[in-house]
Amino acid sequence: MPELPEVEVTRRSIAHGIAGAQILSMRLGKPLRWPLGCDPELLVGRAVVGVRRRGKYLLLDLGQGLVLVHLGMSGSLRFASALPPPDKHDHWDLETSAGTLRLHDPRRFGAVVYAESELDPVAVKLLGGLGMEPLGDVFSLEAFRKGVKASRLPIKQLLLAGRLVVGVGNIYASEALFMAGIRPTVKALSLSSVRIERLYLAIREVLTRAVALGGSSLKDFSSADGSTGHFQNAVQVYGRVAEPCYACGTTVRMVRQGQRSSFYCPRCQR
DNA sequence: ATGTAAACCTGTGCGC
DNA sequence: TGCGCACAGGTTTACA
């Protein structure tokens, strides 16, 4: 479910409230993607210094060490001073002096992993291969162009791979490619510099816009304060197979790429 | 090295 | 109403 915008919106909804809080207890439910990697008791008494984001990971900085949180396909966080008893899909509670942070994740593709530092092997394994932050300064047109021209993958799959640029998932890849007028099946290295620049700008624009709209709440996503996003109402092609393109009226198509569905307008995107 | 598919797990919607 | 299947916002791992 969550791509960069949803994770960033979640981060913003908890960062202020949880900063400086002390960890009082931790509860784990059913197993997630990976084990926590330490005794939960080890973290009790530590402070949550701040919350950062790297790609689709949230990084809870503790006084010592950090906790990596990934929402997988169906995860969402809640942060509140009083939460109801955990239901069967609530698999992690972090009780702090400022409130409880709770991971709700029916499919359990999400993860909560402790690392001593970002140099900890587990952190390197999870974060080490990640590409550029699309909303950060290091995401330069030059670096993006170089990466695109070096890949023989279809451009959609290159974006999803996360090795060049992070945070672009299935929704925003389709949306950015529509915005740039590029068909998802085009080989990355065949794109002209002009089209690469259009895509570069589209990625930044679509992600920025999605964050501003609170992310996409397709099924049940909500940020940690319970508010839902609105980007799903601004979607141009994602999930709109067989419906008319808003720009030209041509029927939106769906194609299967790497076990994921891609949506595009055959007239607007070449 | 690269490209494709299976795997992880649960819920939902659809055709019959 | 029930059953079986396809599919769902992600990522790693295994295997050609």
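Letters A, B, ... are given to chains in the order of the sequence lines, protein chains preceding strands, and every chain is numbered from 1.
As rounded to whole Å, 9 Å separates atom P of B/dG11 from atom NE2 of A/His104. Distance A/Leu77 CG to C/dG9 C1': 15 Å, rounded to the nearest Å. What separates CG of A/Leu126 from P of C/dT13 is a distance of 9 Å, to the nearest Å. Nucleotide C/dT11 holds its P atom 13 Å from the CG atom of A/Leu68, rounded to whole Å. Per the geometry, NE2 belonging to A/His89 stands 6 Å off C1' belonging to B/dT10, to the nearest Å. Rounded to whole Å, the distance from CE on A/Met73 to C1' on C/dG10 is 6 Å. Atom P of nucleotide C/dT12 and atom CD of A/Gln157 are separated by 16 Å, given to the nearest angstrom. Straight-line distance from the CG atom of A/Asn170 to the P atom of C/dA8: 7 Å, rounded to whole Å.
Between A/Tyr238 and C/dG9 there is a side-chain polar atom (N or O) within less than 4.0 angstrom of OP1 or OP2. Side-chain nitrogen and oxygen atoms of A/Lys30 include at least one within less than 4.0 Å of the OP1 or OP2 phosphate oxygen of B/dT10. Contact annotation: A/Ser74 does not reach the phosphate of C/dA8 (side-chain N/O to OP1 or OP2, under 4.0 Å). Close to B/dG3, at under 4.0 Å from its OP1 or OP2, lies a side-chain N or O of A/Arg152. Look at A/His70 and you'll find a side-chain N or O under 4.0 angstrom from OP1 or OP2 of C/dT11. Checking the phosphate oxygens (OP1, OP2) of B/dC9, no side-chain nitrogen or oxygen of A/His91 falls inside 4.0 Å. Dashed line: the shortest gap from a side-chain N or O of A/Lys125 to OP1 or OP2 of C/dT13 is under 4.0 Å.
Checking C/dA8, B/dG11, C/dG9 against the side-chain heavy atoms of A/Ser261 singles out C/dA8 as nearest.
Annotation: salt bridge (charged side-chain N to carboxylate O under 4.0 Å, His left out) contacts involving residues 260-270 of chain A, sequence neighbours excluded, are absent. Residue pairs meeting the salt bridge (charged side-chain N to carboxylate O under 4.0 Å, His left out) criterion with at least one member in residues 166-191 of chain A, sequence neighbours excluded, do not occur. Pairs engaging residues 149-166 of chain A under the salt bridge (charged side-chain N to carboxylate O under 4.0 Å, His left out) rule: none recorded [sequence neighbours left out].
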**OP:** Run the numbers on A/Asp105 and A/Ser74 for side chain to side chain donor-acceptor pair (under 3.5 Å), then give the verdict.
**Re:** CA-CA 5 Å; A/Asp105 186 6; A/Ser74 59; 2.5 Å; yes

Subject >> Test side chain to side chain donor-acceptor pair (under 3.5 Å) applied to A/Glu95 and A/Ser25, step by step >> reply: CA-CA 5 Å; A/Glu95 187 199 359; A/Ser25 70; 2.5 Å; yes

Do any side-chain atoms of residues 202-210 of chain A form donor-acceptor pairs under 3.5 angstrom with protein atoms, and if so which ones, sequence neighbours left out?
| from | atom 1 | to | atom 2 | distance (Å) |
| --- | --- | --- | --- | --- |
| A/Arg204 | NH1 | A/Phe139 | O | 3.2 |
| A/Arg204 | NH1 | A/Tyr200 | OH | 2.8 |
| A/Thr208 | OG1 | A/Arg204 | O | 2.6 |

Donor-acceptor pairs under 3.5 angstrom involving side-chain atoms of residues 44-63 of chain A: please list them, not counting sequence neighbours.
| from | atom 1 | to | atom 2 | distance (Å) |
| --- | --- | --- | --- | --- |
| A/Arg46 | NE | A/Leu42 | O | 3.3 |
| A/Arg46 | NH1 | A/Gln64 | O | 2.6 |
| A/Arg46 | NH1 | A/Tyr114 | OH | 2.7 |
| A/Arg52 | NE | A/Asp61 | OD2 | 2.7 |
| A/Arg52 | NH1 | A/Glu118 | OE2 | 3.0 |
| A/Arg52 | NH2 | A/Asp61 | OD1 | 2.9 |
| A/Arg52 | NH2 | A/Asp61 | OD2 | 3.4 |
| A/Arg52 | NH2 | A/Glu118 | OE2 | 2.9 |
| A/Arg53 | NE | A/Glu8 | OE1 | 2.8 |
| A/Arg53 | NH1 | A/Gly55 | O | 3.0 |
| A/Arg53 | NH1 | A/Glu133 | OE1 | 2.9 |
| A/Arg53 | NH2 | A/Glu133 | OE1 | 3.2 |
| A/Arg54 | NH1 | A/Gly131 | O | 3.1 |
| A/Arg54 | NH1 | A/Glu133 | OE2 | 2.9 |
| A/Arg54 | NH2 | A/Leu130 | O | 3.3 |
| A/Arg54 | NH2 | A/Gly131 | O | 2.8 |

N/O donor-acceptor pairs under 3.5 Å from side chains in residues 234-247 of chain A, not counting sequence neighbours:
| from | atom 1 | to | atom 2 | distance (Å) |
| --- | --- | --- | --- | --- |
| A/Gln236 | NE2 | A/Ala234 | O | 3.1 |
| A/Arg240 | NE | A/Glu243 | OE1 | 3.4 |
| A/Arg240 | NE | A/Tyr246 | OH | 3.2 |
| A/Arg240 | NH1 | A/Gln236 | O | 2.9 |
| A/Arg240 | NH1 | A/Pro244 | O | 3.1 |
| A/Arg240 | NH2 | A/Glu243 | OE1 | 3.4 |
| A/Arg240 | NH2 | A/Pro244 | O | 2.8 |

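For B/dT10, the base has no donor-acceptor partner in the side chain of A/Arg108 [N/O atoms by modelled type, under 3.5 angstrom].
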Subject >> Secondary structure string for DNA chain C (Watson-Crick or G-U under 3.5 angstrom, | for other-strand pairs) >> reply: .|||||||.|||||||

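With sequence neighbours excluded, the residues that form a salt bridge (Lys or Arg N to Asp or Glu O under 4.0 Å) with A/Asp90 are A/Arg102. Under the ring pair (Phe, Tyr, Trp, His ring centres under 6.0 Å) criterion, A/Phe231 pairs with A/Tyr172, sequence neighbours left out. In this structure, the salt bridge (Lys or Arg N to Asp or Glu O under 4.0 Å) partners of A/Glu142, at least two apart in sequence or on a different chain, are A/Arg145.
Remark on DNA chain B: of its neighbouring residues A/Lys88 and A/Arg33, the 5'-side contact belongs to A/Arg33, judged by nearest-heavy-atom nucleotide.
Within residues 253-260 of chain A, the residues that place at least one heavy atom under 4.0 Å from DNA chain C are, in residue-number order, A/Arg256, A/Arg260.
One P atom belongs to B/dC9, the other to C/dA14, and the distance between them is 15 Å to the nearest Å. Using atom P as the reference point in both B/dA5 and C/dC7, the two lie 14 Å apart (nearest Å).
A side chain to side chain contact (heavy atoms under 4.5 Å, CB included) with A/Leu32 is found for one member of A/Arg107, A/His70, A/His91 and no other, namely A/His91.
With its ring centre under 5.5 Å from that of the base six-membered ring and a plane angle below 30°, A/Phe109 counts as stacked on B/dC8.
Within a 6.0 Å radius of CG in A/Asp137, other residues, nucleotides and ligands contribute 12 heavy atoms or fewer.
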Can you give me the N/O atom pairs linking the protein to nucleotides 14-16 of chain B at distances under 3.5 Å, or say none if there are none?
none

